[in-house]
Structure formats: C-alpha cells, structure tokens
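Taking it in order: structure first as structure tokens, then the write-up.
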Amino acid sequence: MSSEVGTEEVPAHRYTAALADAVEKRWQEYWEDNGTFYAPNPVGKLSAGDGVPADKLFVQDMFPYPSGAGLHVGHPLGFIGTDVFARYHRMAGRNVLHTMGFDAFGLPAEQYAVQTGQHPRKTTEDNIATYLRQIRRLGLGHDERRRISTIDPDYYRWTQWIFLQIYNSWYDTEQGRARPIAELAAKYADLPADERRRLVDSQRLAYLSEAPVNWCPGLGTVLSNEEVTSEGRSERGNFPVFRRNLRQWMMRITAYADRLVDDLDRLDWPEKVKSMQRNWIGRSYGARVRFDAIEVFTTRPDTLFGATYLVLAPEHPLVDELATAEWPSDVDSRWTGGAATPAQAVAAYRKAASRKSELDRQENKEKTGVFTGSYATNPVNGTKIPVFVADYVLMGYGTGAIMAVPGQDQRDWDFAEVFGLPIIRTVRPTEGFEGKAFTGEGPAVNSGFLDGMDVVEAKKAITEWLTEQGAGEGTVQFKLRDWLFSRQRYWGEPFPVVYDEDGVAHALPESMLPVELPEVDDYSPRTFDPEDADSEPSPPLSRATDWVEVELDLGDGPKTYRRDVNTMPNWAGSCWYQLRYVDPDNADRFVDPVNERYWLGPRTEQHGANDPGGVDLYIGGVEHAVLHLLYSRFWQKVLFDLGHVTGDEPYRKLFNQGYVQAYAYKDARGVYVPAERVEERDGKFFFEGEEVSREYGKMGKSLKNVVTPDEMCERYGADTFRLYEMSMGPMDVSRPWATKDVVGAQRFLQRLWRNLVDEETGELRVSEDPADEDTLRLLHKTIAGVHEDYSEMRYNTAGAKLIELNNHLTKSGAVTPRSVAEPLVLMLAPLCPHVAEELWSRLGHGESLAHGPFPVAEQRYLVAATVEYPIQVNGKVRARVVVPADADQEQVKAAALAEEKIAEQLGGKEPRKVIVVPGRLVNIVA
RNA sequence: GCCCCCGUAGCCCAAUCAGGCAGAGGCAGGCCCCUUAAAAGGGUCAGAGUGUCGGUUCGAGUCCGAUCGGGGGCACCA
C-alpha cells in the first residue's frame, strides 16, 4: 500500500505516505502537549490571566451525532473547511475559538441498546472515542478543553436549567419580549390561588397542552411538526403519523414568529435557508371576517363581494351545529353526497375525511364536500350564501374556515365548478386573460364602494370598513405552530418537572438539577403496528417506577410526586451548545456573561448597528435549515429577553457546505457491486467483465461505495487528503469523490518537499541568496491572492496558487531561496498543517507556526514595470504591445496604433474609435 | 403549479461579484527523461469558444430576455 522508507526504490526522505504519517503523528502530539489551539477566555478557568486580544473569531461546525458507522470522506469536508479558516485567522493573529462536541442523545444509540442490551451511554461513548480518533488524525486544530457532549449530566443540567427559564417566563406582547413569570403572577395577585395558577400556567413559554399532536406508532413517540414530512410521515423511519390528543409539553415558539421572520434580515445567511425559514413560519397579512357565527381568515378581504359560499374544515367545531335536519326543498343533488339529511351527509363526510391520511388529502386534488344545509350572511352586502364542509380547507390554518371567492381563487373555482356555485369576478382581469380564477392585480369590479380601487387600496378600505362594522379586523396569520417538546424515548434529557397527586405540574428548583436518567431494563418505548392510530404511548421512563415516584420538599413539606416520564427532543441540546463551548466547565452558570459577551456579543463597530451577535462562522449542511436553526434562534431570543445573553441571534454568519457524493454501480440484477473495483471503458462500466450501470448520489454502506478518511490517511497522509478535499471545488458546491484524483495533491506536496529537503539525505536545502525579481513578483502576487482566497473560503483557488508558485520554483531548477521557502510554507499551513509545521521547524524555527506569522504582500512587487496590452481590432486580438506600467491612456493608444500589424489592419484609415482599458487591453473600432 | 441554484476541455474545477486576451490548479491522455523494469518519480505537449436562441455593448462565459437540461425548496396554508 504505502512505499517503504529507505528501500532501494524510493529515496529515503521522499514525502511518502509513511513519511507523512510520521510527521503527522509527531505534530498532533506536539499540538496536544503544548495546548497549541487553546483559545483564552477573558475570565474563568480558561482565562490565561493576561487579558485577551480584542480581535477574536468563533468558528463552529454543526456538531456531529457520533454514529457507530464511523466517518466517510464526505463527513469531514465541513470540519476541514472550518479548520482551514480557523488556522488562517489564528495565524493572522486573532484569538480563534474552534472546537467540536457531540450531539449524543438520539435514537440510533437507543435502538442499538434495544438490540444488544448495552446501555446507550456505553455505545455512545465508544462511538465518541472512535470519532475523536478519526478526527484527530485529520489534524483539526480544536481546543480540546472545550469539548462538550449533550449526554453529559454537567451539560444537560444546563439544558434543563434553560427549560426552566423558558417555563418560568411568558411573552409580553405589548413589550414584544419574554418576561419572568413572577411578574405575570403579580398581576393576578388578587385572584384565588388555583385560578391564578391556571391563568399563569396557560401563558408560560413552555406549557402542557392536551392538543392534537403527531403520534407515530411505528416509533412509539410523538413528533414535532418539523419532524413530519409533507407526506405526513416521520422524517426518521418514514412511518405514518397520526393526529391525536395527548398531554404534552409545548414551546411557545409562535410568540416569536414575527421576530424570527424579521430578524432574518439581520443575518448573514444563505438566501436559500432564509427563504426556507420564511416559508416555514409562513406569515401572511389578511383579515378575519365574520359571517354570522362563522369567522374566516382571508388574505384577500378585497374580494369579499365575490364570496359566494363558505367552506369549513371537516374538523371545524361548528360543523355539527350547522348541519341541519333537512335539506332545503330545492337542494342541488350535487350538494347532498347522496345522504337523506344534511346531518347524515356531514357525518359521513367527516368520517371519510378522518380516515384519509394527510397524503391522500393532499394527493387527491379533486374537490369534494357536502352542503351543511345552513346559510350565512355576507356582512358586506347581506347576501345569504351556502355553507359547505370540504377537506380542501384545513383545520390547522387560520380559523379552519374560508370564504370562497371562485373568481379570484383557483381552488374555489374548481370547487364551484363541481358544485355548480356562482362565480363573481371582483378584480377585472388583464386584457386577453383566458384563465379561470384571476389572481393578479387589477381594479375592483362588482364590489360596491371598492369599485375602481387597486388590490392594495381595496384591502385597506374593506378592512377599515369591517372594523367599523364590527364584522372583522385586519390580522396576521402564521403557518408556524408551537413546538411539541416531549418525546416518549429513553435516551434524552429528562424534564425537571414533577406532578403532584392532582396531576399539577411543578418545576423543580435549580438546586435539584440535573435530573439524571434512571437505569431501566428496557430502553425502548413500546412501538406498535405503524398503522395503529389508536395505540397509546408508553415511554420507557414510566417503567422506572423507583425513579418516577419521588418524595420531595418543594416548599410545603415532603410530599410524594411523580416525575415526568418523557424526555426532551434531540434538538434541545443543540439549541445552545455554542454558549457552552464558550465556558465549558463553568459550574455556577451556563455561561459567564463576560465570556459570552466577548465571544458571542454584538460588535456594532465591526458589523454595523444592526449586528445581532452570534458565532462568526457556522458551517453545516442545509438539512438543518428549518429544524435546528429555527429552534436555536428561538432559545437564544428567550435567553436574550431574560437578560442571560447579550446577542439575540446565535449564528451571525451561516454557511452551507456542499456534499461529497459518489458513484454507485449496479449489476444486471440490480445489486450494488463494489465501486472501487469497477472499470471504465469507452464510457461504459464493467465489474468482473460484466457491464454495470452507474448512478450518482450518496455514499453509503449499502451502496458499496464508501471511502473512509482513515483509508485516505493511510494511503496518502492527512495533509494530502485535506488538500484534495479542499481542492475539489468551492466549499458550497457538492462534488463527486474520485479516489484516483487524490494523487495529484500528493504529487504537489512531494514536489514542494523536494524543493526544500534533499530526498536522499534529508538535509534542508534552501539558499540564503535573495530570490530573483520574477520569483519575488510571483511570490507576492501569490501572497495577496491567497489572503483573499482564505478569507473568502475559496480554498480550491488558494491551493492552485500555491501549486503555481511551487511549479515556478521547480522549473527554475535553482536551490529555493529561504525568503521564498518560508512564506510558501506558512501559506500552506492552513491547508496542510502537519507538513508545514515540519518544514517550518526544519527551516530552523523553534515555535509552532500555528499563531503565525502569515506573510504579507509587499505592494512594490505587485505592480509590474511594464504591461503587455493585447490590441483588438473590432473585438479580435490582432497584436500585442509592451508599454511602461505608468504609461497614460494616450501613450498606450499611440503605442497601439504604431504597432505594425495594427497599421496593416487599418490599411491607412483613421480608426472610428479607440478604447483603452487601463491595465487590460486596447480595442480599436475600425 | 410556484420559487431558488447550477450548466466552461473526456472528468473535477478557474475566470462570472465589478463585461476586457476563455485557463490558475488537479485527474485522465500523448511524447520525452530517470529506470533492468515499473510508478504514487521528473519534464513537456495537446485539448473547449462557455447547453441553445435572441438582445444590450466597441467588446459578453460574465449583463438582460427566452428556451432546454440537471439539482433543490415549497405546495389545497385561504
């Protein structure tokens, strides 16, 4: 596999995989022994005691779940990217915080525990050890003192503490912020205790709710809306999900809906992620309008005159009341669903709707529904319009009822067509419009006092009118719902909550934290037939009876309580880990305010008046766009409102790295064959002589196309692997893995090494003579370019520039001048830190280069003495001319026109126009 | 159906932000050197007019408008 050092074939001191391995091990040990990547805190245990540089940088990876499968080459892409960034800035003199912890609660460990009987903690900790070994080998410059793990009681104690903060607060809509619950309780001081308690409890930001939740029998747990796919199945496992009423913890994230949308504008995040969050929060402005007892939500109150019927969701509470005993004598046969009475029709329709899965309801876009037998009054003109029940209206959005305006809404148009309902246009369609419903802009028609107004004006006018009449009011509607926060799992954070004999919840005092997980015999919740919608959750903690029943003194003497047997969702631990990285072993607080302000506080002088603070660079996959990143922002805002942190956003700049993808090959039977043994011939692919088909996508065990970083480190060394990964393309682009290409990165390092070290003797080989002019110019051009590339995360082009410089040295054939060797090595260091450290040390430096210096380009080498201008005639290059760099436009023009070939082209005629682009070219229009 | 991103040598990618000679770098390929031989060694050469059509401009890979292809997000949200 790797070449032997010292064999006859290969020079003893060539940069081979074996040599790289020795160098890498040596420097990894050095860094660890010397705490090279320790980033000092202003105060506390991690303070160096002599102050901190004002210039800091906090770089963070989305921390991994330590899976048992280990890493493939795709996983470290982001980790290496952040490491290069961190190393570059560290060398530039900034105080750089970069570390990595583990998001270690979660289903796989629990499921593995169920299969093997091994405690999830054991599995998880073993996996973490493996993970740490794998990432250590990559040479990531982490501050190891700051490693945290969400399963650590010292960590989840604070997760529970934050839960209590949220529980013990309410949202003051007048002030637009969360406030301590005690301030609310004070307002109700005059009320009887239990009424006060009920009022207060109903306004907490973390509250118990008996509302419908997503129950997933196949997983044996409930799920948040964000964890349910648009097909109505669990994101994990793809099991059916049913709506059920269960008493569960909820987080009042909807209180923050406006701020969560508005503050996106203050974040340096990819537009794509922002738009996904905006979409998910789904804010729309509209009005509520009352048709007698039925309240509807509409975004188009301006079309009220065109409302020809109402529709209620099948689950709407008024449906039963509205369903009359008999059909009107002239009822349209299409409206009855074939039933004898409206009550029967409605009951049958509701039953059918309840049996349909979310998926059926969405896929089947044919409009169905039945008439309730009732009519409602349109407040704007007193018209009686029929009320229908139809499943194209969803109970979960708005009021669960709509006014149907077929003229301006295609869904309503479709329904009206099926049921023979009238259609009135209230916006005049544009000339030549041939569609059905018209949803564009135009003047109002058939709309009484709104006629002639445009949509915006009409909305405003009708909203004012409705308000005056008491028939409605303007309102804002969100798609976002509160966050379901309980899970029926074992391997998660227990709730710091107990219930008394009346079932009333009591939060535990801070002094009783952490509430640690009990030992249990069976780690699994009871799971059910995935289709069994009527099954009952049975969390594993409920079986730890000794733990569940507990005697406590919560202020009114020792009493027996029952603990909450749910656990928090997997997202809890990741909602605040950047705060703990800052102060990982603070025993008194979740983070010291001084440390928090230094690493995460807003810096308006640097980032502008609107700076929300947060991690300076947060890198991870786009798959967390809505879940983790929304929850995390919510927690941060609560903590901010309560005065615990100084920034109101957790992540100032977000960057999504691309994925490393891979080809997979299938034989004629459709079975995957090992990708590494497939050969390509004439655009076709063969495995053991048989033609196979190729597909492109993920890397995975079952696809037989996994390549591991360990394997790459063995064959080429970590530096080569790092360089190759970073050279494959820009950080945000997904790219296909190609093992055969890795050798290119190794050849470069070999050549660079050879330019500085004698391959036969191992002696350093640099000259103390000054470099020639050309070399200096290239060197400084490279320095300037590399600076820019590193700070823009364009590592592929940074690498290419280094190769270019090194190729220049190789070609020159001379012994490399030290004055070029040193900056070259320093510039290489962020990408290939081990070999750079080794060469730096061999160049005679006693100190690690981790803290710089990073070379600085000298301006005088960046400006050339002469410039070569290409000369175009009518856009085609016809000649070139060399002029002094300081020649002005007239001189360049004169030189261009004097050029022999150009004079020839012009044939003695005067050019119509001559364009001189300074420093670039000359274009002559003949 | 709506929205977003991407199409440059055989392959991965530069140049697109700010219009100015299409090539920085790597893989693969040809040739040469080293070598008994070989390559994960060294050197060198060649290779596309930028998916397509149209527009703006003295000049378009770059800007604008269509269109095709690929990827992603949202989707009966009133």
Side-chain angles (χ1 to χ4, degrees), chain A residues 1-3 9-11 14-17 230 270-273 275-276 278-280 282 284 286 296-300 303 311 361-365 367 390-394 396-405 408-412 414-415 477-479 622 625-626 680 683 696 715-716 720 723-724 727-730 732-748 750-751 754 759 785 792 794 796-804 806-807 810-811 868-877 880 911-926:
Chain A
M1 184 161 288
S2 54
S3 313
E9 296 94 349
V10 178
R14 173 165 292 176
Y15 184 77
T16 58
S230 57
E271 240 352 275
K272 179 186 166 118
V273 176
S275 90
M276 283 165 75
R278 282 193 194 103
N279 222 314
W280 183 259
S284 49
V296 306
F297 171 72
T298 177
T299 54
R300 295 294 304 275
T303 64
V311 185
R361 246 170 109 151
Q362 274 172 29
E363 273 192 345
N364 185 6
K365 305 235 163 137
K367 294 289 178 286
D391 67 2
Y392 83 96
V393 173
L394 309 174
Y397 185 75
T399 61
I402 61 153
M403 62 178 212
V405 187
Q408 269 75 232
D409 185 296
Q410 190 58 46
R411 297 158 299 185
D412 297 343
D414 294 342
F415 189 87
Q477 189 64 48
F478 295 92
K479 271 164 71 180
V622 72
V626 175
E680 181 176 357
Y696 180 57
R715 282 171 67 179
Y716 301 101
T720 294
L723 180 65
Y724 171 66
S727 304
M728 290 168 79
D732 52 350
V733 171
S734 294
R735 62 304 292 274
W737 178 262
T739 299
K740 67 178 176 57
D741 292 0
V742 178
V743 66
Q746 193 190 33
R747 283 183 191 145
F748 160 61
Q750 257 169 18
R751 285 198 295 269
R754 190 181 301 120
E759 282 194 337
E792 307 282 322
R794 293 191 305 242
N796 54 331
T797 52
K801 287 183 174 82
L802 296 177
I803 292 171
E804 209 180 344
N806 190 58
N807 285 351
T810 307
K811 272 179 208 170
E868 188 189 64
Y869 280 82
I871 306 164
Q872 296 181 338
V873 177
N874 294 334
K876 291 260 189 261
V877 178
R880 283 157 205 283
R912 295 201 346 239
K913 197 171 174 185
V914 178
I915 295 134
V916 178
V917 184
R920 305 307 288 259
L921 55 50
V922 181
N923 189 17
I924 297 167
V925 185

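Taking the P atom of each, G49(B) and G23(B) are spaced 13 Å apart, rounded to whole Å. Look at the C1' atom in both C27(B) and A46(B): the space between them is 16 Å, to the nearest Å. When the P atom is used for both G72(B) and A28(B), the distance is 30 Å, rounded to whole Å. Rounded to whole Å, the separation between the P atoms of C6(B) and C63(B) comes to 9 Å. Distance check on atom C1': A39(B) versus C34(B) gives 11 Å, rounded to whole Å. Rounded to the nearest Å, the gap between the P atom of C17(B) and that of G1(B) is 33 Å. Annotation: A9(B) and G61(B) have their P atoms spaced 14 Å apart (nearest Å). Across the P atoms, C21(B) and G59(B) are found 15 Å apart, a figure rounded to whole Å.
Using N1 to N3 plus N6-O4 or O6-N4 for Watson-Crick, or N1-O2 and O6-N3 for G-U wobble, each under 3.5 Å, G69(B) pairs with C6(B). Nucleotide C74(B): paired with G1(B) (Watson-Crick or G-U wobble, both distances less than 3.5 Å). Base pairing analysis places C17(B) opposite nothing; no Watson-Crick or G-U wobble pair with both distances below 3.5 Å involves it. When Watson-Crick and G-U wobble pairs are counted only if both distances are under 3.5 Å, A22(B) pairs with no nucleotide at all. Using N1 to N3 plus N6-O4 or O6-N4 for Watson-Crick, or N1-O2 and O6-N3 for G-U wobble, each under 3.5 Å, G61(B) pairs with nothing. Remark: G29(B) base-pairs with C45(B); criterion is Watson-Crick or G-U wobble with both hydrogen-bond distances under 3.5 Å.
One atom, CD of Glu792(A), and another, C1' of U16(B), lie 15 Å apart when rounded to the nearest Å. Atom CG in Asn923(A) sits about 10 Å away from atom P in C58(B), given to the nearest Å.
Proximity note for Lys913(A) (side chain, C-beta onward) versus G25(B), G20(B), C58(B): the nearest is C58(B). Proximity note for Tyr392(A) (side chain, C-beta onward) versus G26(B), C76(B), C58(B): the nearest is C76(B). The listed nucleotides are C12(B), A24(B), C27(B); the one nearest the side chain of Ala800(A) is A24(B). Distances from the side chain of Gln750(A) to the nucleotides C21(B), G41(B), C27(B) place G41(B) closest. When distances run from any side-chain atom of Asp391(A) to the nucleotides G26(B), A78(B), C76(B), the shortest one goes to C76(B). Here the side chain of Gln872(A) is nearest to one of C27(B), G20(B), A14(B), namely G20(B). Checking C58(B), C74(B), C13(B) against every side-chain atom of Ile915(A), the shortest atom distance belongs to C58(B). Checked against C74(B), U44(B), C12(B), the side chain of Lys811(A) finds its nearest nucleotide in U44(B). Of the listed nucleotides (A78(B), G42(B), G25(B)), A78(B) has the atom at the smallest distance from the side chain of Ser284(A). Side-chain proximity of Glu804(A) to G72(B), G20(B), A24(B): nearest is A24(B).
Proximity of Asn796(A) to the phosphate of C12(B): no side-chain N or O atom is located under 4.0 Å from OP1 or OP2. Taking side-chain N and O atoms only, Arg747(A) has a distance below 4.0 Å to OP1 or OP2 of G41(B). Phosphate contact (OP1/OP2 of G42(B), side-chain N/O of Arg754(A), threshold under 4.0 Å): present. Contact check, Arg14(A) against A39(B): no side-chain N or O comes under 4.0 Å of OP1 or OP2. An OP1 or OP2 oxygen of G42(B) is reached within less than 4.0 angstrom by no side-chain nitrogen or oxygen of Thr810(A).
At a threshold of 4.5 Å between non-hydrogen side-chain atoms, the residues Asn807(A) and Arg751(A) count as touching. Between Val742(A) and Trp737(A) there is a side-chain heavy-atom pair separated by less than 4.5 Å. Within the 4.5 Å cutoff, side-chain heavy atoms of Lys272(A) are placed close to those of Val622(A).
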Practice problem: Show your reasoning for whether side chain to side chain contact (heavy atoms under 4.5 Å, CB included) applies to Thr303(A) and Asp409(A). | Solution: CA-CA 10 Å; Thr303(A) 64; Asp409(A) 185 296; over 6 Å; no

